[in-house]
Amino acid sequence: MTEESNVNESNEASEVQEDHGSLVAARREKKRQIEERGIDPWGSRFDDRILIGDIRSRLDEVKFQKEDGTLIDLPELHEDPEQRINMRQWRSDNGPGTEIGPQVRAAGRIMLQRDKGKLRFIDIQDWSGKIQLFVGQKQVGESDFELAGLFDLGDLIGVDGRLGVTNTGELTIFAEKLHFLTKSIEPPPAKHVGMTDPELRQRRRYVDLAYNDGVLDRFMNRSKIVQSVRQTLANDGFVEIEGPTLHSIAGGAAARPFITHHNALDLELYMRIALELHLKRLLVGGMERVFELGRVYRNEGISPKHNPEFSMLEVYQAYGDYQSMMDLTEQVIVDAIEATGQSFVLPWGDKEVDFTPPFARKTYNELFEQYTGVDPSDANAVSSYADSLGFDTNGRHIDVIKNEVFEAKVEDELVGPVFVTDYPASICPLTKRKADDSDIAERFELFVHGMEIANAYTELNDPDLQEELFQTQLEGLDEEDSMAKMDNDFVRALRHGMPPAGGLGIGIDRLVMLLTNSQTIREVILFPLLRPEG
RNA sequence: GAGGACGUAGCUCAGUCGGUAGAGCAACGGACUUUUAAUCCGUAGGUCCUGGGUUCAAGUCCCAGCGUCCUCACCA
């Protein structure tokens with residue numbers, strides 16, 4: 001605890017801007033009254049609660065006991081409010097008798113409250129679900145009922161009570177004892193509407209998670225996907241490592257790095273832009289199946305598909321090639337879909353994607369011809385086609401021109417999932433060429449809805465060729481756009497002998513986007529980069 | 001980095017031709033022991049993003065700035 005926050009304790013109106021009308025004042029006043037009752041408004045440990053989701057599944061333990069002692073089941077309840085059962089009617093049809101249900105303890109955030117005389121209905125929510133509490137003055141007693149009068153939306157409370165069903169057929173905890181767990185001083189967003197302003201949703205992700213439907217689930221799914229990816233790889237004998245995030249040479253990709261500085265060493269450092277070069281050093285060192293799943297940082301533009309820091313998976317398998325990586329990619333994705341409990345046909349906006357394996361596999365040239373009608377081996381035809389699209393072709397390498405056409409005319413059309421294989425070698429400097437065709441690189445990219453999800457190679461392990469490629473600027477590219485950043489130690493590592501290997505990169509954020517039907521990357525990153533709050 | 005849109009109560013949003021700042025929810029007071037976006041009666045709540053300018057008069061028009069979003073550019 002800092003000195004500043006101690007000061008704030010004695011000074012109710014803290015430096016945080018919270019003077020929105022009387023709303024906060026009213027909540028602070030209730031906090032005071034809770035304290036006056038000898039209750040800590042910030043609560044304490046609360047053991048033995050049952051997750052609301054688990055409580056809901058215990059509906060079948062609720063029985064109706066007739067006067068002769070026989071127990072009968074309740075009628076089937078419906079989640080849909082339109083189909084609520086009239087339990088008052090049902091009870092009079094089956095009565096006389098009483099309802100009996102299990103004793104339960106729950107805790108959660110107050111999402112809705114409805115007063116009705118000496119009665120209060122409270123909907124609370126924990127991370128497994130939502131349930132209604134019935135709080136009657138007669139049932140919980142004068143003291144607890146007064147306490148309930150000090151509840152605000154957003155407060156965290158605990159309850160002991162019996163599970164039952166109300167007259168309108170809703171599964172409900174009939175409160176016997178209330179516990180105050182934490183006061184919410186800040187007012188929540190409008191109920192049911194929630195917080196829709198995308199800026200506020202990102203800046204105040206805690207509010208977004210707590211009050212907006214589906215947000216918590218989406219991030220829980222992200223966690224399941226990440227966990228599944230790790231599990232799939234572990235099952236296949238891969239080991240996870242943690243490479244350095246501070247690099248003295250930002251290599252392994254063509255991207256501008258963030259620059260930082262180490263004071264004691266007086267050293268300029270770069271945040272890593274890729275995981276590749278250190279993982280390959282580990283291949284040399286004998287880690288035959290190795291991967292890292294972690295953050296990389298690229299000092300570039302922000303868009304619905306780009307955040308400056310994002311999560312990347314890179315996998316390297318000794319004695320494999322890009323074909324073995326293709327099978328692995330498919331397995332990773334199939335397992336991840338199953339981990340989220342979904343079927344292989346996933347919604348994407350108003351469209352769908354069918355991930356039923358095996359995914360289509362098509363060559364780069366095949367697709368090029370299919371979508372442009374131009375023979376990819378005819379340099380003149382490709383060049384004049386690029387001209388007709390308005391691309392600058394002057395003095396540029398034909399493969400660079402071809403790839404611009406590919407990105408413009410083909411990629412967006414790839415609904416996928418489709419593995420695009422066998423790229424022009426000149427645009428893939430870290431890739432081994434085909435044994436029978438040195439112009440073709442053993443590489444694939446996986447596309448879904450025009451998004452590049454995965455990228456894999458048969459890795460280049462010839463140290464002399466690697467050194468040459470580092471030094472050769474790719475034709476038509478500026479120095480800062482080139483990936484030719486010499487890493488002498490990496491070349492030295494290759495000279496010690498890196499096994500022939502397959503290497504794979506998967507953009508985890510984009511994978512999560514696809515599997516959670518999220519059209520922007522900011523929906524799957526908890527705290528995307530924003531300018532500081534004005 | 002370029003272009004466009006947006007910024008009004010805690011939240012979600014109206015605001016006409018430049019003429020007294022509006023609603024719903026939330027809040028506050030009251031009624032109600034099976035409600036469920038509870039309902040009903042009443043009350044209060046504003047740095048109209050910020051700063052200039054035009055005007056008798058600016059939430060509204062003009063300029064600059066800040067922030068977000070979209071498109072593009074950058075992007076293995």
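Computation of the quantities below employed the complete heavy-atom set of this structure, encompassing side-chain atoms and omitting hydrogens, waters and symmetry-equivalent molecules. In what follows, every chain begins at residue 1, and chains take the letters A, B, ... in the order their sequences are listed.
For the P atom pair drawn from B:A44 and B:G1, the interatomic distance equals 48 Å after rounding to whole Å. Nucleotides B:A2 and B:A9, compared at atom C1', are 36 Å apart to the nearest Å. B:G53 and B:C11 have their C1' atoms separated by 34 Å, given to the nearest Å. With both ends at atom P, the span from B:G30 to B:U12 equals 30 Å, rounded to whole Å. B:C69 and B:C49 have their C1' atoms separated by 16 Å, with the value rounded to a whole Å.
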What are the atom names and distances for every N/O pair under 3.5 Å that joins the protein to nucleotides 68-71 of chain B?
{"from": "B:U68", "atom 1": "OP1", "to": "A:Arg531", "atom 2": "N", "distance (Å)": "2.9"}
{"from": "B:U68", "atom 1": "OP2", "to": "A:Arg531", "atom 2": "NH1", "distance (Å)": "3.1"}
{"from": "B:U68", "atom 1": "O4'", "to": "A:Glu199", "atom 2": "OE1", "distance (Å)": "3.0"}
{"from": "B:C69", "atom 1": "OP1", "to": "A:Gln202", "atom 2": "OE1", "distance (Å)": "3.4"}
{"from": "B:C69", "atom 1": "OP1", "to": "A:Gln202", "atom 2": "NE2", "distance (Å)": "3.4"}
{"from": "B:C69", "atom 1": "OP1", "to": "A:Arg522", "atom 2": "NE", "distance (Å)": "2.9"}
{"from": "B:C70", "atom 1": "OP2", "to": "A:Arg522", "atom 2": "NH2", "distance (Å)": "2.7"}

What does the list of N/O pairs under 3.5 Å between the protein and nucleotides 25-31 of chain B look like, with a distance for each?
{"from": "B:C25", "atom 1": "O3'", "to": "A:Lys191", "atom 2": "NZ", "distance (Å)": "3.4"}
{"from": "B:A26", "atom 1": "OP1", "to": "A:Lys191", "atom 2": "NZ", "distance (Å)": "2.3"}
{"from": "B:C28", "atom 1": "OP1", "to": "A:Lys30", "atom 2": "NZ", "distance (Å)": "2.4"}

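Taking 4.0 angstrom as the limit, A:Thr166 places none of its side-chain polar atoms (N or O) nearer than this to OP1 or OP2 of B:U35. Taking only side-chain nitrogens and oxygens, A:Arg114 never comes nearer than 4.0 Å to OP1 or OP2 of B:U35.
Qualifying ring-ring contact (aromatic ring centres under 6.0 Å, His included) partners for A:Tyr364, counting only residues two or more places apart in sequence or in other chains: A:Phe406, A:Tyr423. Considering only residues two or more places apart in sequence or on other chains, A:Phe419 meets the ring-ring contact (aromatic ring centres under 6.0 Å, His included) condition with A:Phe359, A:Phe444.
Comparing A:Leu200 and A:Thr172 along RNA chain B, the residue whose closest nucleotide (by nearest heavy atom) sits nearer the 5' end is A:Leu200.
Which of B:U35, B:A37, B:C11 sits closest to the side chain of A:Glu170 comes down to B:U35. Taking the side chain of A:Thr196 as heavy atoms from C-beta on, and the options B:C11, B:C74, B:C13, the nearest nucleotide is B:C13. Each of B:C11, B:C75, B:U35 was ranked by its minimum atom distance to the side chain of A:Glu300; first place goes to B:C75.
Between A:Ile52 and A:Gln125, the closest side-chain pair of non-hydrogen atoms is not below 4.5 Å.
In this structure, B:C28 and B:G42 make a Watson-Crick or G-U wobble pair, each of the two defining distances being under 3.5 angstrom. Nucleotide B:G67 has B:C6 as its partner under the Watson-Crick or G-U criteria, with both atom distances under 3.5 Å.
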Going through the distances and angles, do A:Arg32 and A:Glu29 end up as a salt bridge (charged side-chain N to carboxylate O under 4.0 Å, His left out)?
CA-CA 5 Å; A:Arg32 198 189 59 74; A:Glu29 170 58 21; 2.8 Å; yes

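For residues 299-314 of chain A, the set of pairs meeting the side-chain hydrogen bond (donor to acceptor under 3.5 Å, both in side chains) definition, not counting sequence neighbours, comprises A:Arg222-A:Ser311, A:Arg295-A:Glu309, A:Arg295-A:Ser311, A:Glu314-A:Tyr316.
Across all strands shown, A:Gly194 has heavy atoms under 4.0 Å from sugar-phosphate atoms exclusively, and none from any base.
For the segment residues 133-146 of chain A, the set of residues with a heavy atom within less than 4.0 Å of an atom of RNA chain B comprises A:Phe134, A:Lys138, A:Gln139, in numerical order.
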